[in-house]
Colleague: 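Before we start, here is the structure in question, set down as structure tokens.
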Number of protein chains: 2
Amino acid sequence: MALLVQKFGGSSVANVERIAQVAAKIQRFHRAGDQLVVVVSAMSGETNRLLDLAKQISSTPSPRELDVMVSTGEQVTIALLVMALEKAGVPAVSFTGWQVPIRTDSAHGKARVLDIDGAHVRQQLDAGKVVVVAGFQGIDPDNSITTLGRGGSDTTAVALAAVLKADECQIYTDVDGVYTTDPRVVANARRLDRITFEEMLEMASLGSKILQIRSVEFAGKYNVPLRVLHSFQDGPGTLISLEQENSMEQPIISGIAFTRDESKLTIRGVPDTPGVAFKILGPISAANIEVDVIVQNVAEDNTTDLTFTVARLDYEKAMDILRKTAEQIGARDIAGTTSIAKVSIVGVGMRSHAGVASRMFEALAKENINIQMISTSEIKVSVVIDEKYTELAVRALHSEFGLDVPTVAHA
Amino acid sequence: MALLVQKFGGSSVANVERIAQVAAKIQRFHRAGDQLVVVVSAMSGETNRLLDLAKQISSTPSPRELDVMVSTGEQVTIALLVMALEKAGVPAVSFTGWQVPIRTDSAHGKARVLDIDGAHVRQQLDAGKVVVVAGFQGIDPDNSITTLGRGGSDTTAVALAAVLKADECQIYTDVDGVYTTDPRVVANARRLDRITFEEMLEMASLGSKILQIRSVEFAGKYNVPLRVLHSFQDGPGTLISLEQENSMEQPIISGIAFTRDESKLTIRGVPDTPGVAFKILGPISAANIEVDVIVQNVAEDNTTDLTFTVARLDYEKAMDILRKTAEQIGARDIAGTTSIAKVSIVGVGMRSHAGVASRMFEALAKENINIQMISTSEIKVSVVIDEKYTELAVRALHSEFGLDVPTVAHA
């Protein structure tokens, strides 16, 4: 008998048929003797319908009132799911955020969880009930309803799992787990049985949008084992936890992440004085543009070249700013391109294995792929390359690091 | 400067345009210096949409969960109205039932208000804000959301007005006041400036469906002046209060009510023994059929005839029961008809005026309208007549009791 927190997102509860399917799945766990807390999102489309109503009234609606309104989406789902569970003979009860209560700060629309009182939930669990909790919402010190922002239902689930000391927090999605890379690019990409929190964070921030980064950070902080599963297919999914895989054949690399959403800007021939990086990047940040990879080289003539990447959407704006900066600081010229891709290898195995980066560079060189920028962290190496080589690079690296062949038995 | 509680129903907030119109109306009161508590219902159609969703899941949904779901309708409206008020430059804040809090018993779907804490509302009023409260909902001793049942928003408004000792509780509707009778039947029916709680109760229960009976009872009990007004037309409406009109020409009759929703059943030649009425009507009540007018006569041969009316929808069912009863108790025969109408004159003036009933009967006799049944209360006389004479009877009585001509100046 385990205590499980399960989270079903908007597409898993999109209509009454799917809600009935979710109820049937929960019923199986309940019959097996598990204690269950189920966190649900609004039926898909509902949050946008409500936001649209608000927009019709005001272009700048009060954040407090937006939360009052938007939070009704999950409130409807919890009631419907409990009805479906009761119809299936499973005793259940619903809780809104304030009924738990899930206490947050007052940052409406993006509130942070401060504290959860698990007593009421525990009481209902002990009474043999499945407890269905509205995701994405809480209550602030003034008794106002708050929402945690998009993807906040994942955070609700993880936070509840932490407070209740659940055995596992299961996130049900439209994929059956975390893959070594995007299966649409590499046909024999492989579902990972396990991955660490750190690896998942690097994978998530690099474009594998299965889980909200915030909820993975949260899970890591409180060591809540997270499992990604498919809502309507059976399977073991992928377990995200603190520990590495207990396998003799520990893989060095867990996955290959990539993104085509970036663009590259270069400023050349800048007189190399202290604080030059700040002079160049300060105005970019001030315009609310996030800078990702940064590379700086000092040339022999005592000038410096600086290259950085920003989201492709911000490219034009960033170029305008950079042009003005170049004039002010007397740079030689600027250049930029949007046809780049960033490809990364991610794996905690890197820590204990030397030469992983050079093995990556060699694999790319074999395919005649030129590397434009390099950025490294403890468990990740990223390269920026010409966009047209994206698939080729991902496949080459997937193969080079042995990800095509399962290294552990499937459960 | 007055403290007003205003209630706008579902059709007054049916869409964003109407919500903006309601906001504009509230703005005028706010500018005039009034303190305002505004109670709103769900946008029309929303409650039914939600109930329909529940029905798709289960034919017997849990009443607790139905309330969790249905209460979201008003929660959306309060947020939208506050947004519209803020856009119009009126500071405002929303409260759900539990945020007030409005404490009720646990009878989900038809909860009764136990207690309202007015402190939070008062605090916001004192801060210069319009307080927008979700109608129809509350919270029970277990912290579960409850609803007060259909029409419950009127009750919310009256209860808040009582607790806050408001100067007036204004109910905005799709009519501009209470009329002496249905204007569709009597073209020169007149809007009443004032009416007493008692009279309104008799008018409401007889088919003038402007206000929920329960909220009028509530208002009378706590002596909250109620005013019925049109949501989108200006005008003084009708004030419902404890006092009669302060006019020299006090009208004896305030209005003529009528209903065609009833049917009449008769059982004849029943041996007249004690308890015979119970033997006849007991089985009817046991079948959950409400009996309205009852008339019993004892004939010379020591048998009795009993005639009663029930809702037309229940006619067939009631006849079946009566047939069985007739056999059991040895009655001579039974009869029935659905082509009847009940016409009533209502007025507190009856208390101090003798002969009102006979004046009514005389007026009907003049028109050759045969009276089938008579029922009287302290401030009401009802007659059952052939349905085809309904309009004729209402017009004759409207004229006879001087309701065609205004007896007080219009405001």
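Computed from heavy atoms alone, side chains included, the values below leave out hydrogens, waters and symmetry copies. Residue numbers start from 1 in every chain, and the chains themselves are labelled A, B, ... in the order their sequence lines are given, proteins ahead of strands.
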Colleague: Testing the basics here: between L53(B) and V76(A), what is the closest heavy-atom pair and its distance to 0.1 Å?
Modeller: CD1-CG1, 4.3 Å
Colleague: Is chain A contacted by the side chain of I78(B), its backbone, both, or neither, given a heavy-atom distance below 4.5 Å?
Modeller: both
Colleague: For L80(B), is it the side chain, the backbone, both or neither that has a heavy atom under 4.5 Å from a heavy atom of chain A?
Modeller: both
Colleague: No hydrogens needed, just list the donor-acceptor pairs between chain A and chain B under 3.5 Å.
Modeller:
{"residue": "I57(A)", "atom": "O", "partner": "K87(B)", "partner atom": "NZ", "Å": "3.4"}
{"residue": "R64(A)", "atom": "NH1", "partner": "S94(B)", "partner atom": "O", "Å": "3.1"}
{"residue": "R64(A)", "atom": "NH1", "partner": "S94(B)", "partner atom": "OG", "Å": "3.1"}
{"residue": "R64(A)", "atom": "NH2", "partner": "S94(B)", "partner atom": "O", "Å": "3.1"}
{"residue": "E65(A)", "atom": "OE1", "partner": "S94(B)", "partner atom": "OG", "Å": "2.6"}
{"residue": "E65(A)", "atom": "OE2", "partner": "S94(B)", "partner atom": "N", "Å": "3.2"}
{"residue": "E65(A)", "atom": "OE2", "partner": "S94(B)", "partner atom": "OG", "Å": "3.3"}
{"residue": "V68(A)", "atom": "O", "partner": "Q75(B)", "partner atom": "NE2", "Å": "3.0"}
{"residue": "S71(A)", "atom": "OG", "partner": "Q75(B)", "partner atom": "NE2", "Å": "3.3"}
{"residue": "Q75(A)", "atom": "NE2", "partner": "V68(B)", "partner atom": "O", "Å": "3.0"}
{"residue": "Q75(A)", "atom": "NE2", "partner": "S71(B)", "partner atom": "OG", "Å": "3.3"}
{"residue": "K87(A)", "atom": "NZ", "partner": "I57(B)", "partner atom": "O", "Å": "3.4"}
{"residue": "S94(A)", "atom": "N", "partner": "E65(B)", "partner atom": "OE2", "Å": "3.2"}
{"residue": "S94(A)", "atom": "O", "partner": "R64(B)", "partner atom": "NH1", "Å": "3.1"}
{"residue": "S94(A)", "atom": "O", "partner": "R64(B)", "partner atom": "NH2", "Å": "3.1"}
{"residue": "S94(A)", "atom": "OG", "partner": "R64(B)", "partner atom": "NH1", "Å": "3.1"}
{"residue": "S94(A)", "atom": "OG", "partner": "E65(B)", "partner atom": "OE1", "Å": "2.6"}
{"residue": "S94(A)", "atom": "OG", "partner": "E65(B)", "partner atom": "OE2", "Å": "3.4"}
{"residue": "Q99(A)", "atom": "NE2", "partner": "N143(B)", "partner atom": "O", "Å": "2.7"}
{"residue": "N143(A)", "atom": "O", "partner": "Q99(B)", "partner atom": "NE2", "Å": "2.8"}

Colleague: Which region of V93(B), side chain (C-beta onward) or backbone (N, CA, C, O), has a non-hydrogen atom less than 4.5 Å from a non-hydrogen atom of chain A, or is it both or neither?
Modeller: both
Colleague: Minimum heavy-atom separation for I57(A) and A84(B), please, with both atom names.
Modeller: CG2-N, 3.5 Å
Colleague: Using non-hydrogen atoms only, which part of L50(B) is less than 4.5 Å away from chain A: side chain, backbone, both, or neither?
Modeller: side chain
Colleague: Per the ring-ring contact (aromatic ring centres under 6.0 Å, His included) rule, what does the pair list look like for residues 32-55 of chain A, sequence neighbours excluded?
Modeller: none
